[in-house]
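Report on one structure; see the data block that follows.
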Amino acid sequence: MTDATGTDRSVRTGHGAGGSGPGAGPRREPGAGIGMAERQAMRARRDRMRRWAWGIPLWILALLFLLPFAWMISTSLKPDVEAFRIPMQWIPDEPRWENYTEVLFGENSILIPFGNSVFVAVLRVLGELTTATLAGYAFAKLRFPGRGPVFIAYLATSLIPAQLLLVPRFVYFEKLSLYDTLWALILPGMFTVLGTFLMRQYFISQPDEFAEAARLDGASEFQIFSRIYLPNATSMLSALAILTFVWSWNDYETPLVFLSSPEKYTLPMGLTSFTDENGAMAPGLSMAASVISIVPILLVFLIFQRRFVRAMTESALK
Amino acid sequence: MAIVDTRIEGAGDPTGVAGARRPRRRGRAPSEPRPYVGWLFIAPNVLGVLAFTFIPLISVVLLSFTQWNLVSGFGGIEFVGLDNFIAVFRDPTFWRSLVITILYAGVAVPLTLVVGLALALALNRDLPGRGLLRAAFFIPYIVNIVAIGMTWQMLLDPGAGLVNQVLGVFGAEDLPQWFASSHWALPALILVTIWSQAGYANLIYLSALQDAPAQLYEAARIDGAGRWASFRAITWPSLLPTTVFLLVTLFVGISQTFGMIALITNGGPGSSTTTLSFYMYQTSFQFYRFGYASAVGLVTFIGIFAVMLLMWRAQRGRALHD
């Protein structure tokens, strides 16, 4: 920074002292000017070198980090017997695309778990957005008796590990005939404390003045919420939608406990159903299914990367 | 907790008028929302949380005083007082699981933090393809645990897995047996955990580094402070709240790790990877000892809660001290 301004100033001074005429253009004085330009060029070169000196090792590290995914893709295109061949062959001679057709349309088609996962995730996202937005708004912007105590109860609830609740939920769902239905995954996911917190944090950051002005104009509370605050919240809403989608898509524990029939399985459960005659995991099919399960989440992430990252950090730290 | 801002405006003012703070609004009743409106807004969420979180929680507390195996139906619930809790404290598997959980989280959490911070410091520079680089390190975090677990299980196969093949090429002998050995299963689990969680720590640290005070670095440089000195004097203190936040969230998350254990090791070999959360699952859904499982869960929860409280107090103490 300092260097840059210094350079700037000396160039300008040089210009003035040289007294170049109107036709001379921006050309600098010989002598001092060339030294300056050289030094600048050197610095630029050094910065570029340093950029790559850090960049190359980090790129290598990143590729190492992603190596398991490369292995996953490679294995998904091999017959099972070749998965563990030594030395490993990264690019199979004859890529076995049949693994993918088998996984998609074969006996244990991944399409049914895929559909179940989409169904669960979409309903969870819709429910979560509705209830968390309404409640988060009220906790942030409305005054009502009992707000403080209810909010503190919420805070305490948020610390409960999910595993602690598995047993009683299991008992309830059994009693309510929700056991082994997708609703056992959807319903608890529609009303979360965490989503309410995230939305509350967002609405607190919004000014009160809009509401006060609208109230004086006779708008109802719901109109203030739906017409003034909600339209501005789209980026936060999509962030919450993405987070909820990711949680729902990757959840393994809840379906493991609450689902028993394979046709109800969601994707993470479905991935475990590809076995060989001995009941061991079949590498080729399992990896093909894994690749298919990762694609949607990767697309969602790459498309909304900025928003997702912002949501992760803002919601967490403010 | 650092998770949310816990200030509650007007919490001490149940009428909701907050007259003292806003005297000019007194008497403007039509512009004030009616008190029940707020309840209408929170009702859907509150009812859901009551039904699916709060009532189950109370049931856990009640169940922890009973003996019950589900198969016998509700009639088979037997009140046993504190027996479950006494049994928990006498249960060698419980203590062993506790030690394993402490070892697991105690190693994985700090290492995840260090890796995440180092990556964040490196990725905070001007780099070719920086956006893609940042995304690359985050991807393991968003991929589902089953795909990750199956992949690592095969990569770490003692005989034919890629990792041991590479180690063999470098002439390593006595190759680690990873998930097949009771000595190596926990380190292998820690390795995969760090790999999958570092991207999260990295992301949170990166965003905290954006807020680091640029003028302070300038001043430090003018004063002749080196990189390490300015890291210690400026960067590290400004990252302290972030570090505490990450410690808490990573600790809560990692101490509850379940999917990977259930999927890869099933708690073994032996009981070398039976953490408390996996033990809870075993007692309830493999042994169907619901009452006892509830007691194990409650004791665990109280323990985790106490650790978080301590971390929070330590941070507050530091903050006041500075």
Side-chain angles (χ1 to χ4, degrees), chain A residues 51-52 54-55 58 62 65-66 68 71-72 84 86 88 131-132 134-135 137-138 142-145 147-148 151 157 159-161 163-165 167-169 187-188 190-191 193 196-197 201 215-216 221 246 250 252-253 257 268 271-272 281 283 286 290 293-294 297 301 305 309 312-313 316-317, chain B residues 4 6 8 10-11 14 16 31 33 35 37-39 41-42 44-45 48-49 52-54 56-57 59-60 63 122 125-128 133 135-137 139 142-147 150-152 154-155 157 160 162 165 203-204 207 242 245 256 258-259 277 280 284-285 290 293-294 297 301 305:
Chain A
R51 208 165 159 253
W52 285 100
W54 277 90
L58 274 168
F65 228 73
L66 296 181
W71 188 89
M72 188 186 276
F84 289 114
I86 303 175
M88 172 175 178
T131 71
L134 281 168
Y137 175 79
L142 299 176
R143 288 156 193 284
F144 53 90
R147 185 176 77 164
F151 191 70
T157 314
L159 297 174
I160 300 168
Q163 281 144 352
L164 190 61
L165 303 177
V167 167
R169 279 183 184 168
L187 284 175
M190 286 171 72
F191 313 95
V193 169
T196 306
F197 280 158
Q201 294 310 99
R215 239 169 242 148
L216 289 177
E221 285 308 312
V246 173
N250 291 341
Y252 174 62
E253 197 171 358
V257 172
L271 295 187
T272 61
M281 179 201 328
S286 299
S290 294
S293 81
I294 290 174
I297 208 88
F301 173 65
Q305 191 191 347
V309 168
M312 285 286 293
T313 52
L317 290 173
Chain B
V4 278
T6 49
I8 295 161
S31 72
V37 173
W39 276 99
F41 273 77
I42 65 169
N45 198 272
V49 169
F52 296 109
T53 303
F54 202 68
L57 179 68
S59 321
V60 167
L63 272 176
R125 312 174 65 94
D126 177 29
L127 296 166
L133 265 179
F137 289 105
I139 286 173
I142 54 168
V143 169
N144 75 69
I145 197 70
V146 177
M150 292 193 302
T151 307
W152 277 99
M154 293 192 266
L155 286 173
D157 186 276
L162 181 66
Q165 279 187 44
L203 183 70
I204 304 282
S207 79
T242 313
F245 168 78
Q256 288 182 40
F258 170 82
S277 62
M280 257 165 76
S284 37
F285 296 107
F290 278 13
S294 301
F301 172 48
F305 191 75

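Values in this document were obtained by computation on a predicted structure and should not be read as measured data.
Contact of the B/Val60 side chain with the A/Arg169 side chain is not registered, since no non-hydrogen atoms from C-beta on lie closer than 4.5 Å.
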Start with the C-alpha distance between A/Leu134 and B/Asn45, add both sets of side-chain angles, then the distance that settles side chain to side chain contact (heavy atoms under 4.5 Å, CB included), and finish with yes or no.
CA-CA 8 Å; A/Leu134 281 168; B/Asn45 198 272; over 6 Å; no
A/Met72 vs B/Met150, test: side chain to side chain contact (heavy atoms under 4.5 Å, CB included). Steps then yes/no.
CA-CA 9 Å; A/Met72 188 186 276; B/Met150 292 193 302; over 6 Å; no
Between B/Leu127 and A/Leu58, does the side chain to side chain contact (heavy atoms under 4.5 Å, CB included) criterion hold? Intermediate values first, please.
CA-CA 9 Å; B/Leu127 296 166; A/Leu58 274 168; 3.5 Å; yes
Apply side chain to side chain contact (heavy atoms under 4.5 Å, CB included) to residues A/Phe65 and B/Ile139 and explain how you reach the verdict.
CA-CA 9 Å; A/Phe65 228 73; B/Ile139 286 173; over 6 Å; no
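Of all non-hydrogen atoms in A/Ala138 and B/Gly38, the two that sit nearest each other are CB-O, 3.9 Å. Nearest heavy-atom pair across B/Asn144 and A/Asn250 is CB-OD1, 2.9 Å. When all heavy atoms are compared, the tightest approach of A/Leu165 to B/Phe52 is CD1-O, 4.4 Å.
Residue B/Leu57 touches chain A through both its backbone and its side chain, counting heavy-atom pairs closer than 4.5 Å. Heavy atoms closer than 4.5 Å to chain A are found in the side chain of B/Leu162, but not in its backbone. With a threshold of 4.5 angstrom between heavy atoms, A/Ser286 approaches chain B through its backbone and through its side chain. Both the backbone and the side chain of B/Phe137 come within less than 4.5 Å of a heavy atom in chain A. Looking at A/Trp54, both its backbone and its side chain come within 4.5 Å of chain B, counting heavy atoms on both sides. Of the two parts of A/Tyr252, only the side chain, counted from C-beta on, holds a non-hydrogen atom closer than 4.5 Å to a non-hydrogen atom of chain B. With a threshold of 4.5 angstrom between heavy atoms, A/Ile294 approaches chain B through side-chain atoms but not through N, CA, C or O.
With sequence neighbours left out, A/Arg51 forms a salt bridge (charged side-chain N to carboxylate O under 4.0 Å, His left out) with B/Asp126. Judged as a side-chain contact (heavy atoms from CB on, under 4.5 Å), and not counting sequence neighbours, the contacts of B/Gln256 are A/Pro161, A/Gln163, B/Val252.
Here the side chain of B/Trp39 pairs a donor or acceptor atom with the backbone of A/Pro145 at under 3.5 angstrom.
When the candidates A/Ser293, A/Gly55, A/Pro188, A/Pro283 are compared by the number of heavy-atom contacts under 4.5 Å with chain B, A/Pro188 comes out ahead.
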